[in-house]
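First up is the structure itself, then whatever we jot down about it.
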Amino acid sequence: MNTPETQSIPSVDPWKSMRGLTQARIGLQRSGNALSSADVLQFQADHAAARDAVHTPMDSDGVVDGLKGLGLGEPAVVTSQASSRAEYLRRPDLGRIPNDLSAVQHSGAEIGFVIADGLSATAVDTHAVTLVDTIAAGLSPQFSIAPPVVATQARVALGDHIGEALGVEILLVIIGERPGLSVADSLGIYLTYRPEPGRRDSERNCISNIHPPDGLGYRDAARIVEALVSGARQLGASGVALKDTSSADPAVAAAAAQGELG
């Protein structure tokens, strides 16, 4: 007599169609307490990809070369006070402080870009240059754009120091997000109005989960950035007071830009 542990797996998997709707692990096959070999091997592969995303250094030269081709000016390269990847992971505070900003020239432009490795250099190497290109195309020629800055061993707040040195009105920090077991190459964008050291996280707006084709696409992310940039300039602030109006009707967008919506 077959027990639940020894019964054969049904030839038709009822979870198959649902798995196509999510990257989450659902309806995994098992026998007793053991997962199937295929699921175990996939978990190990995804875990290895997440670890590699965190520990592998960003290809700074490749990112710089890609940015040069966008015509935004000569990119500058800076690093934080974290002297190694290991120290960066142990000491988040050092990743928020620049080591030397002498390569960053004051531009007085309206928009500045910082491309930072964060917790997934894989995401930056894969998506950052194309994302910057897409965003810049949507913002210019309406807004002036400073030469981009590439930052290594960087946390989001490092951008405040860079933005102040650039003298930009709005800073966009494009940074590798913490990888998970489903996604290891996701980017985030942090928008800060009038960046300067000491800005709180509540004074920024975040666009996350950018990793086409499964996550947010480049053009959709750029559309949100354009709406936030317009709203930040009207409101004179970013963060919790500024709402994403990229998909709202004109009346709602105008109210949100004036800070009239909670």
Side-chain angles (χ1 to χ4, degrees), residues 52-53 56-80 98-156 158-159 161-163 165-177 179 183-192 195 207-230:
D52 286 347
T56 301
M58 177 174 64
D59 180 12
S60 299
D61 291 340
V63 173
V64 167
D65 287 344
L67 292 171
K68 286 180 179 179
L70 302 184
L72 299 176
E74 184 69 19
V77 179
V78 303
T79 188
S80 73
N99 184 44
D100 181 8
L101 292 181
S102 59
V104 179
Q105 302 298 313
H106 187 278
S107 71
E110 292 163 308
I111 307 293
F113 284 98
V114 172
I115 297 87
D117 50 5
L119 289 170
S120 177
T122 301
V124 177
D125 293 343
T126 304
H127 302 295
V129 172
T130 306
L131 180 59
V132 171
D133 188 26
T134 305
I135 295 172
L139 293 176
S140 62
Q142 182 180 1
F143 300 104
S144 57
I145 300 177
V149 178
V150 176
T152 62
Q153 316 294 20
R155 304 279 176 171
V156 173
L158 183 65
H161 299 266
I162 298 171
L166 286 171
V168 295
E169 182 181 13
I170 295 175
L171 185 73
L172 301 172
V173 176
I174 296 174
I175 190 168
E177 295 185 312
V183 179
D185 66 338
S186 181
L187 283 179
I189 303 173
Y190 288 82
L191 180 150
T192 307
I207 307 164
S208 64
N209 201 39
I210 305 167
H211 58 100
D214 298 313
L216 189 66
Y218 304 134
R219 184 57 213 145
D220 286 335
R223 176 176 50 79
I224 297 171
V225 167
E226 292 163 23
L228 289 174
V229 165
S230 177

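What you see is a predicted model; the values in this text were computed from it and never measured. No hydrogens, no waters, no symmetry mates; every other heavy atom, side chains included, goes into these values.
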Rounded to the nearest 0.5 Å, what separation is found between the CG atom of L67 and the CG atom of D133?
-> 9.5 Å
Kindly give the heavy-atom pair with the smallest separation between A109 and S144, and that separation in Å.
-> CA-OG, 3.5 Å
Is there a donor-acceptor contact under 3.5 Å from the side chain of D117 to the main chain of Q153?
-> yes
Kindly give the heavy-atom pair with the smallest separation between A151 and V114, and that separation in Å.
-> CB-CG1, 4.1 Å
Donor-acceptor pair, S120 side chain versus A123 backbone, under 3.5 Å?
-> yes
Do V149 and F113 touch side chain to side chain, with heavy atoms closer than 4.5 Å?
-> no
Passing option when L187 is tested against I174, L216, I175, I207 for side-chain contact (heavy atoms from CB on, under 4.5 Å) | I174
Between V173 and I189, is any pair of side-chain heavy atoms under 4.5 Å apart?
-> no
Would you say L139 and E226 make side-chain contact, with heavy atoms under 4.5 Å?
-> yes
Any donor-acceptor pair under 3.5 Å from S140 side chain to Q142 backbone = no
Non-neighbouring partners of D220 that pass salt bridge (charged side-chain N to carboxylate O under 4.0 Å, His left out), sequence neighbours left out = R223
Would you mind reporting whether S208 and E177 have side-chain heavy atoms less than 4.5 Å apart?
-> yes
Should V229 and L191 count as side-chain neighbours, where that means a heavy-atom distance under 4.5 Å?
-> yes
Tell me, with the steps shown, if L101 and H161 meet side chain to side chain contact (heavy atoms under 4.5 Å, CB included).
-> CA-CA 8 Å; L101 292 181; H161 299 266; 4.0 Å; yes
Partners of E169 by salt bridge (charged side-chain N to carboxylate O under 4.0 Å, His left out), sequence neighbours excluded?
-> R233
Excluding sequence neighbours, so at least two apart, what forms side-chain contact (heavy atoms from CB on, under 4.5 Å) with N209?
-> S186, H211
Could you tell me which non-hydrogen atom of T192 sits nearest to which non-hydrogen atom of P195, and how far apart they are?
-> O-CD, 3.8 Å
Is there a donor-acceptor pair under 3.5 Å between the side chain of T126 and the backbone N or O of T122?
-> yes
Least distance between heavy atoms, A146 atom then G112 atom = CB-CA, 4.4 Å
Value for CG (L166) from CD1 (I111), rounded to nearest 0.5 Å, stands at 11.5 Å
Are V77 and V64 close enough, and set up right, to give a side chain to side chain contact (heavy atoms under 4.5 Å, CB included), and what steps lead you there?
-> CA-CA 8 Å; V77 179; V64 167; 3.7 Å; yes
Is any side-chain heavy atom of T152 closer than 4.5 Å to a side-chain heavy atom of S60?
-> yes
L171 side, atom CG; Y190 side, atom OH - distance, nearest 0.5 Å | 13.5 Å
4.5 Å side-chain heavy-atom contact, S80 and R155 = no
Hey, is the main chain of V78 close enough, under 3.5 Å, to the side chain of D100 for a donor-acceptor pair?
-> no
Short side-chain to backbone donor-acceptor contact, D125 and M58, under 3.5 Å | no
Heavy-atom nearest pair, P212 first then G217, reads CB-CA, 4.1 Å
Evaluate the side-chain proximity of V132 to P148: yes if any heavy-atom separation is below 4.5 Å, no if none is.
-> no
NE2 (H127) and CD1 (I115) are apart, to the nearest 0.5 Å, by 14.5 Å
